[in-house]
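Here the structure is a predicted model, which means the values were calculated and not measured. Note on naming: letters A, B, ... go to the chains in the order of the sequence lines (proteins, then strands), and numbering restarts at 1 for each one.
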Amino acid sequence: MGHTSLEKIIALQKKTPHIRNLCILAHVDHGKTTLADCLVASNGIISSRLAGKLRYLDSREDEQIRGITMKSSAISLHYTTGNEYLINLIDSPGHVDFSSEVSTAVRLCDGAIVVVDAVEGVCPQTQVVLRQAWLENIRPVLVINKIDRLIVELKLTSQEAYTHLQKILEQVNAVTGSLFTSKVLEERAEKDAEAQSSCTENGSGDQVYDWSAGLEETDDSDLYFSPDRGNVVFASAIDGWGFSIHQFAEMYSQKMGIRSSVLLKTLWGDFYLNAKAKKIMKGAQSKGKKPLFVQLVLDNIWSMYDAVVTRRDKEKVEKMVTSLGLKVMSRDLRHSDPKVLLSAICSQWLPVSQAVLSMVCEKLPSPAEISAERVEKLMSVGARRFDSLPEQTQELKKAFLDCSADETAPVIVFVSKMFAVDSKALPQNKQRPLTQEEIAQRREQARQRHAERQAANQSAETLKGTELNMLPTALSVKTAVEEDNKEHFVAFARVYSGVLRKGQKVFVLGPKYDPSLLPEGCSAADVLPSVPHMACCTVDSLYLLMGRELEELDEVPTGNVLGIGGMEEFILKSATISTSPSCPPFTPLNFEATPIVRVAVEPKHPSEMPKLVRGMRLLNQADPCAEVLIQETGEHVLVTAGEVHLQRCLDDLRERFAKIEISASKPIIPFRETVIRPPKVDMVNEDMGKQQKVAVIHQVKEEQTKYPEGVQVDSTGLVTLTTPNKMATVGVRAIPLPEEVTRLLEDNVELIRTMEQFSLFAWEDKTLDINQKILENIQEFKVKLESNLQGRKWRGAVERIWAFGPRRCGPNILLNSVEGYRRPSVWQCLEREKETEKAEIRDFDNSIASGFQLATLSGPMCEEPLMGVCFSVETWDMKLSAPLAQQDSIDEDSQTAEPNIDNQNESSDTHETNASSASSNRSRSGAEAAGSSVDCYGPFSGQLIAAMKEACRYAFQAKPQRLMAAMYTCEIMATAEVLGRVYAVLSKREGRVLQEEMKEGTDMFIIKAVLPVAESFGFADEIRKRTSGLASPQLVFSHWEVISSDPFWVPTTEEEYLHFGEKADSSNQALKYMNAVRRRKGLYVEEKIVEHAEKQRTLSKNK
Amino acid sequence: MSIFTPTNQIRLTNVAVVRMKKGGKRFEIACYKNKVMSWRSGAEKDLDEVLQTNTVFVNVSKGQVAKKDDLSSAFGTEDLTEICKQILAKGELQVSDRERQSQLEQMFRDIATIVAEKCVNPETKRPYTVSLIERAMKDIHFSVKANKSTKQQALEVIKQLQQSIQIQRAHMRLRFVLPARDGKRLKEKLRPLIKTVENEDFDEQLEMVCLIDPGCFRDIDELIRCETKGKGTLERFSTLSEDV
C-alpha cells in the first residue's frame, strides 16, 4: 500500500462514522509498540521489513535506548475494507511510572486494543489498564501477542498451546468480571443506601432483603473476550502475522463446505471434526480428540514454523508457499536467517495489520456512537451529579451525542496533555522536499551563477551583484538558528463536537472552572468578564499527529485526535476548549499512579539558577504526572511517579528544558523539637526510680558542664538567668502542652494571626475591624483551648497567654505567670466591648516576647522549630536605674548581647530576630537624650532578649527532650500474596500499620500505615521491587509525631546495661536523625573523630 | 643472616604529645592521635582511649619519666591519672590532621548555613539551600580561617558570592513615623539608605514603610534618633524572605 496523502486523511476526517480513535494498552514489554509498528507499516509510512524493529512511535532517544515507551504518541492511519476508515492510533507506555500517560491517552479514545503476552499472561499492568479502560467507559478488544514464543521458545505442541491460550483468555475475562462485579456491588450499595434513607423516611417496617446482590439481573456477556465474538486476535507482531477466527472460518467454509457461521461458533471451544461423518461434534476433550481450533488453525501455523524455522525444509516451504498462493522473493528464500523468510511468508499469508484493523473497525465504536452514560460521566466533575449542572450545560449533552461536524454545533475539545516539541519539528520550520520544478529552477540558478563566476574573472562588477543576492539568505539562516532553541508546546487533544478551525476564537476552561458561575449570555466574541479559570484565545495552529511528525491542518472536524499549537500560555496541563462558555470542564483524569518520589534538584553551577527555574516550569507543563514545588527552604522539589519517570524528567531537564547540568539529591527533611512529661518507665520497661542506679563514671562531669555560670536550675526545672549587666533576672519553666492543644494551635494559625494583628493595632490606639464570623471563630477557639487545658497546673492559663510562637502564630505558648503583672491579654479583640480596666504594660515587655520567639524558632537540639511547648515566665525582676529605663529601646538583635563577636554594623543584622515583633522595636521613650549611655554590653533590650532566649533554651533542656518527625500516611493497595512483603518493607522503614482491609469484590487489600518522612526516600521503589509491582503506595503528609526514644539516652540501670551494653551503641533513631540534621547545618556533633585509638593506621612502625 | 632480637624498650607509635609547664618544669604525656580534642569536647569519655600510658614524662620522645618529687611539688598530688587529666585539660598540643580537617569542615558548613539564612535569591525572593551555597563557596575557592568567627566570615562570603551568583541580603521592612517638621529634611537624608518605599503617608506626620538593606539599619536608627531628638519612631517588621 502506498503512502496515504494528507489530502486523503483530511477528507476522511470529515466522515465521523468512519473514524476510530483507539489506543494500545498493555503491560510493559508485551509488544504494544511492535504491534503499532506493524499497523504503521501497513500504511507505507515505514517499510514492512523494518516493522517491529524500528519502533517508529518511540521517537525519544532514551526510549530507543531503553527499549521502553515513555510517552503516548498518536498517528493517523488509513484502512480500507469496502469502506474507508481513518484510524487515530495512540501508542501508550506500559511501565507503571508512566501510567499517567496511559490516562491521557485513554481519555481521548473510544476503544482500546489490550495486548497480552501469550507466555506471560495477565500481568499487574494488564489489570491496571483494563481497569483504566473500564473507568473511562471505553470498549476494549484483545490481542494475544507473541504466539511465536510458544512455538519457538517454550516448544509447546499445538494442543498444549491451545489450553495455554484458553487459560490466558480466562484470566483476562476474570479481571474484567471482577471489575464488573465490583461496579455492580457499588451501585447496589448506593441503591441500598438510597432505599434505606427513603425507608426510614417512610417509616415502613417491612423491608425485603435481597441477597442476590443484583449480579443476576445485570447482563455482562458482552463484556467478555471470546474469539467467536470476534474481539480477540492471535498474533505475533514481531513476525508480522495475526489472525482472528473469522479469517479461518471463511477460508475453511470454502474448502470444506461448512457454513462459515457454523464454523465461527465452533472454531473456538470444545468441538472436533468427525472426519467420517463430516460433522462437527461437541466434547473434544472428553473423547481425546483435537479441538477444531488446533486442527484447523494452530496445526497449520505449527507446521509452518516447523518447516521454516526448525527444519529449514526448502522443498516443503516452497510447496506451502505455492499452495497458499503467495509470492516470496527469492532473496528472502535464500536469506540465512529463517526469521526473514518466515515473516516474508506470514506477513502475506496472515498480515497482522489486516486482522487487527478489521477487528477494530468492526468491533470498536466510532466517535458518533458515544454513549450517554459516558458523556454524563465526562461532564460531571467530582461529586456533582449531572442533573445539578446548569440547564445550558445539560443541553450540551446533545451536542456530545450528536457529534456533528455542523457549522452550528458548539466546539468542544478536550486537551489531555501538553507535550514539548522542538521548533525544528514544527511543519512551519521544516524543510519541504523540493518539487521537480524547484530542482530544475535551482539547477538553472546554479548554472547561471557558474556562468557569472566565469564572467567575473573578466569583470569584477558582476561579482558585486551576486554578493548582494547572497546576503539576505545568510541572514535568514541566522534567524532560523535562533528560533531552534525554543521549545514549543503542542496540546494533545480531541474534538468531541463541532469543527475546530485555525484562527477561531475559543474559551479555554481550566479544570476548576465552574459553568454555573457564568453570567448569562456571552459568547466567545464578547469582551470577557473575568471568570475564574477561564481564558479566551485564538487557535494558533492545528496539527495532524503523525508519530514524531506534525502536519499542519486548517480545520479539524469532530471525532478526531489532533494537536493544537500556541496554547502554552493558557493551558497548564489539561483543559477543555469550547466555543460555549457553559461547557463544563471534563472530569479530571484518573491517574493510577500518584507522584510520590521526591527529590531536590539543584543546578551544578549556582549561577544557573534562573535557567533551572524556567526549565522546571516547562517540565511541569510538559509532564502530566510530574509536580514541581518550591519549598519554604528554597529547595526546588521534583515529585515523580517512580524512579524511571524521575530519570526521564531529569534527562528532560538536562537536555531540553533547562539545558544545564543538574544534580538531584534527597530532599531536606524537617523536624520539630518538643519536651514531654518525664517518662515513668525506662528503656527495658522497668519502673523508674526503683532501680538502683549504677554509678556512671562520666555522667557527673557532664551534669556540671551542662549549665554555664549565671544560670541556676532548680530540681523542678525552673531556670533563672540574669542579664550580663546584672539588671534583670528572668525565671522560666518549660511545660509540655497536651497533644490536643498543639493540634488546636496548628489548625488555627490564621485566627492567631488575626488576633496578633488586632493587638498590634490596639497598641497604637487604632482599631482593626474584624468581622463577626471571625470573632465567633476566635471565641470558639478560646473555649476549646480552655476545655483542653484542664487541671490545677493550667488554671487560668488561657487568660494569661502572653504570646504564640514561633513567628507569632506557632504551636508554642508563652505564659505570663509573673506575680503582680497584668498585661493586656491576647484575647483583646473579644473584650472590646467590656473595656476592662486598663492593664499596664511593663517596659521591655516585648523583649521577653521576642526572646521567646527566637527560642521557639530554633531549639537547642538541632536548631529546628519547637512544637507543643509552653514557656511559663514565673519571675521577672528588674533593677533599673532611671536613665536605663528610658533608654531608647530600638532593638538590637540578640547578637548584640554578645558584644565581643560583632561590633561592626552587622549587629543590626536581623535575621535571627525575624520573628521579633514589630512592636518590640518601638521606641517608647518620649524625650530621651540622644545617644544616651549605652553600657558595655550593648542596648538593654537586646540583652534581655538574649537572656530570655537562653533561659527558654535551658528550661527546655531541663525537661526530657524529644524529637518530632513528620509522618506520612501511606495507603497501599496490594494483592493477598504480596501482603507479607509489604509488611516487611514497612517495618524495615519504621512504619506502623494502622489498619488493613479487603476491598469489596476484589482480592485487593488496602493497608493504611504511617511512615516517617525521613524514611520515605526510595520507599516507593523498594515496595514495588519487592512486590513485583503488585503493590502501589500513596503517600500524603499527615502529622507530626514524637519519636519515643530519647536522643540523649545512655544506659543507667543494671538492666539497661545488661540489655544494651555500656555504650548503648545499638541504633538510637532520634539520635541518628538529630546528628544528621546537626551535621547538615554544620553544628557541633558529639562524635569521636576516631572510634578506636589503637586501630588508627600506624605511621611509623619499625623505627 | 640477621637475627631478630627483642628490644627491651617499649616503643610508642601514633603519639600525640600534650605539654604543660607548671612550677617551672615541663611535663608531657603521651596520647593517641585525634583523640585529645574529642576528650576535651566530652565526646570521648574513656581515658584509656586517650592516653597511651598514664606515666607523666619530662620528654616523651626520649622516654624520660618525670620525677615523683617534681610532680607532687607541681601538682600537689601523686595520683598519676589525676595529673594526666589536668594536663589533658590545660596542656598545649599540636592539633592533628583529622582533627583540623573536621573542624574546618564544620566551620565551612556553619558559614554556609549562616549565609543561607541571611540571603535570598532576588528573583524568587526565596532563600538558597545550604548545599547550593556550599557549592558556590567552593566555586569561588573560599577557604575557612580557623581563627575568625564564622559569622564574620559569612558576611565576607556574601560579598564575594554576589559577584558569581544572584544573591542578596534579605531585606528588612521598616516603618517610621516622623514629625512633619523633621519629615522633609530627614527624607532627603534617608533616601540613599532606602531600597524601596512601599507606602508613604504625609499629613500631620510622615509615615513611611520601606525596605532597606539590613546593613543600613544602624545608620538609619542613628539618624532618626539624633535628628528628631527622639521624637521619631522606628519599628521593624519581619524580614522580607519570610513574607513571600
Q: Assess whether atom CD of Gln94(B) is packed by more than 12 heavy atoms of other residues, nucleotides or ligands within 6.0 Å.
A: no
Q. Given that the side chain runs from C-beta out, which part of Asn121(B) has a heavy atom under 4.5 Å from chain A: side chain, backbone, both or neither?
A. side chain
Q: Please check if any side-chain donor atom of Glu602(A) sits under 3.5 Å from a side-chain acceptor atom of Thr129(B), or the reverse.
A: yes
Q: Please flag which part of Thr150(B) lies under 4.5 Å from any non-hydrogen atom of chain A: side chain, backbone, both or neither.
A: neither
Q) Measuring heavy-atom distances to chain A, does Asn34(B) have an atom under 4.5 Å in its side chain, in its backbone, in both, or in neither? A) both
Q: With rounding to the nearest 0.5 Å, note down the distance linking OG in Ser131(B) to CD in Glu635(A).
A: 7.5 Å
Q: Would you indicate whether the side-chain heavy atoms of Ser41(B) and Tyr1084(A) approach each other to under 4.5 Å?
A: yes
Q | Ser663(A) versus chain B, the contacting section by heavy-atom distance below 4.5 Å | A | side chain
Q: Please check if atom NZ in Lys145(B) has more than 12 non-hydrogen atoms from other residues, nucleotides or ligands closer than 6.0 Å.
A: yes
Q. Among Ser38(B), Ala112(B), Ser102(B), which residue forms the greatest number of heavy-atom pairs with chain A at distances under 4.5 Å?
A. Ser38(B)
Q.
A side-chain contact here means heavy atoms from C-beta on lying under 4.5 Å apart; do Arg135(B) and Pro603(A) qualify?
A. no
Q. Rounded to the nearest 0.5 Å, what separation is found between the CD atom of Glu117(B) and the OG atom of Ser858(A)?
A. 7.5 Å
Q.
Is it the case that over 12 heavy atoms from other parts of the model lie below 6.0 angstrom from the NZ atom of Lys148(B)?
A. yes
Q: Check step by step if side chain to side chain contact (heavy atoms under 4.5 Å, CB included) holds for Leu132(B) and Met609(A).
A: CA-CA 10 Å; Leu132(B) 197 77; Met609(A) 201 68 183; 3.9 Å; yes
Q) So which part of Gln166(B) gets closer than 4.5 Å to some heavy atom of chain A, the side chain, the backbone, both or neither? A) side chain
**Q.** Contact summary for Arg109(B) and Arg1079(A), nearest pair of heavy atoms
**A.** NH1-O, 3.1 Å
